[in-house]
Amino acid sequence: MREFGYQRAHDVAGAVALLAADPDARYLGGGTNLVDLMKTGVERPARLVDVRELPLDRVESTTDGGLRIGATVTNSDLAADPDVRRRYPALAQAVLAGASGQLRNMATVGGNLLQRTRCGYFTDLAAPCNKRAPGAGCSAVTGEHHNHAVLGASDHCVAVHPSDMGVALTAFDARISYESPDGPGEAPITDFYLPVSDTPHRETALPPGALITHVTLPAAPVAARSRYRKVRERASYAFAIGSVAAALTVEDGVVREARLALGAVASRPWRARAAEAVLTGAPADGASFAAAADAELAAARPLPHNGYKVTLMRNLVVSVLTELAGEDAR
Ligand SMILES: Cc1cc2nc3c(=O)[nH]c(=O)nc-3n(C[C@H](O)[C@H](O)[C@H](O)COP(=O)(O)OP(=O)(O)OC[C@H]3O[C@@H](n4cnc5c(N)ncnc54)[C@H](O)[C@@H]3O)c2cc1C
Ligand code: SF4
């Protein structure tokens, strides 16, 4: 392991100033992703700026009935928060579906959103990988890609985003706030993650040196009846091969409002707006749910070894929506 410096930041301005002074520095949250990448040599920061003691560790209600979540709130505290569990249950479920208890105790909200892909070639320094070394090529397109993207990918990179939390935040229109050397900024989560295009190494709209400070969830009464379902190859301690965050409001047998986001299918959590458009105003039945899934997945472009994901996601969407509609009818 290479030598690196370590400093603990005590206020937001100080943390941002430390990064601005050293372009090779990185923020350190729980370290559960960054330190692993340092061990393999994928990340080689000259200095770590520990942000865990910043005063960003609270989940607070906003005046409009939403929530403001600090970037250093641990995954465990977020999942246990009574307001999260009551008002956005799919978010709590998504967090609890990820990693393990020990990891969730360390991992922070900011770090979870910025965790890197689990594509095996990304961490294999001997393999060409455009995300790690722009212009090198993509080993996964012709190699092992059974858990890679079926939506929104490019020939330059077919990796998926691994965060479960990000999928639920995407369904609920979260906004990401940050402090950068040029001042504060904010982006809706759907703009925060950049399309993969021909620049897979550029993953987010975060300016250089910016510190994520908060995630804001707008009020969303529909979210009170929401669900996160994750399919994985082991019962626990495994990343998704497909996941769905969904919320549904049904009145008189008709869908009044729907929220749907898909995980492990694209380079970013995937907001399923085509499906939502089909659902809104449609009968809350299996035919509508299947039509909604088909509308979203019509854009799928599977690779030779991941076509199963299209069927998996169709079944998952129909199953979760059917479950939510059944609850609404009770
Ligand atoms: C065995 C294992 C299994 C896992 N399974 C899952 C899973 O099933 N689902 C899932 O979603 N995740 C899973 N994870 C990933 C885990 O959730 C992430 O490692 C964790 O959320 C990252 O948070 P952290 O605070 O430890 O980030 P760190 O490792 O500290 O940082 C990650 C990145 O974010 C940056 N960063 C951190 N905080 C900030 C900030 N406030 N502002 C700007 N940049 C910041 C760092 O510089 C770094 O680039 C798993 C991890 C492991 C090791
Ligand atoms: S899919 Fe992306 S991360 Fe994986 S090898 Fe290709 S460029 Fe690298």
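Order of listing sets the numbers, starting from 1, for every ligand and every atom in it. For the single chain, residues carry numbers from 1 onward in sequence order.
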Taking only Lys NZ, Arg NE, NH1 and NH2, and the carboxylate oxygens of Asp or Glu, determine whether [X] and [Y] approach each other closer than 4.0 Å.
| X | Y | result |
| --- | --- | --- |
| Glu43 | Arg116 | yes |
| Asp57 | Arg52 | no |
| Asp24 | Arg47 | no |
| Glu323 | Arg229 | yes |
| Lys131 | Glu203 | yes |

At what distance is the nearest protein heavy atom to [atom], and which residue and atom is it?
| atom | answer |
| --- | --- |
| atom 47 (O) of ligand 1 | Tyr27 O, 2.5 Å |
| atom 32 (C) of ligand 1 | Gly111 O, 3.8 Å |
| atom 24 (P) of ligand 1 | Gly30 N, 3.4 Å |
| atom 9 (N) of ligand 1 | Asp164 OD2, 2.7 Å |
| atom 49 (O) of ligand 1 | Leu34 CD1, 4.4 Å |
| atom 18 (C) of ligand 1 | Thr32 OG1, 3.4 Å |
| atom 14 (N) of ligand 1 | Phe239 CZ, 3.4 Å |
| atom 2 (C) of ligand 1 | Leu103 CD1, 3.5 Å |

Please identify which atoms of ligand 2 are closer than 4.0 Å to at least one heavy atom of [X].
| X | result |
| --- | --- |
| Ala140 | 1 (S), 5 (S) |
| Tyr121 | 5 (S) |
| His156 | 7 (S) |
| Lys131 | 3 (S), 7 (S) |
| Ser139 | 5 (S) |

Are any of the N/O atoms in [X] less than 3.5 Å from those in ligand 1?
| X | answer |
| --- | --- |
| Ile212 | yes |
| Ala210 | no |
| Leu211 | no |
| Leu206 | no |

If hydrophobic clusters are built by linking Ile, Leu, Val, Met, Phe, Trp and Tyr wherever their side-chain heavy atoms come under 4.5 Å apart, do [X] and [Y] end up in the same one?
| X | Y | value |
| --- | --- | --- |
| Leu211 | Leu206 | no |
| Leu262 | Tyr88 | no |
| Leu91 | Val167 | no |

Give a yes or no on whether [X] atom [atom1] has more than 12 heavy-atom contacts from other residues, nucleotides or ligands under 6.0 Å away.
| X | atom1 | value |
| --- | --- | --- |
| Arg202 | CZ | no |
| Asn105 | CG | yes |
| Asp252 | CG | no |

Could you please spell out the steps behind the side chain to side chain contact (heavy atoms under 4.5 Å, CB included) verdict for Val73 and Arg58? CA-CA 6 Å; Val73 171; Arg58 296 182 61 191; 5.5 Å; no
Under 4.0 Å, heavy atoms only, figure out whether ligand 1 is touched by the backbone of [X], its side chain, both or neither.
| X | value |
| --- | --- |
| Ala240 | neither |
| Tyr237 | side chain |
| Lys230 | side chain |
| Arg118 | side chain |

Proximal atoms of ligand 1 relative to Pro162 (non-hydrogen, under 4.0 Å): 9 (N), 10 (C), 11 (O)
Quick check on contacts: which atoms of ligand 1 are under 4.0 angstrom from a heavy atom of Ser163? 11 (O)
Just by distance, no angles: are the side chains of Thr213 and Glu179 close enough, under 3.5 Å, to form a donor-acceptor pair? no
Taking both backbone and side chain into account, is any N, O or S atom of Cys138 nearer than 2.8 Å to atom 6 (Fe) of ligand 2? yes
May I ask which of Ala107, Gly31, Ser100 has a heavy atom nearer to atom 30 (O) of ligand 1 than the others do? Gly31
Do you see an N/O/S atom of Cys119, backbone or side chain, under 2.8 Å from atom 8 (Fe) of ligand 2? no
Heavy-atom distance under 4.5 Å between the side chains of Gln7 and Leu48, does that happen here? no
May I ask whether Pro200 places a heavy atom under 4.0 Å from ligand 2? no
Less than 4.0 Å is my threshold; does some heavy atom of His145 fall inside it relative to ligand 2? no
Smallest heavy-atom separation, Ala223 atom then Phe172 atom, equals CB-CE2, 3.6 Å
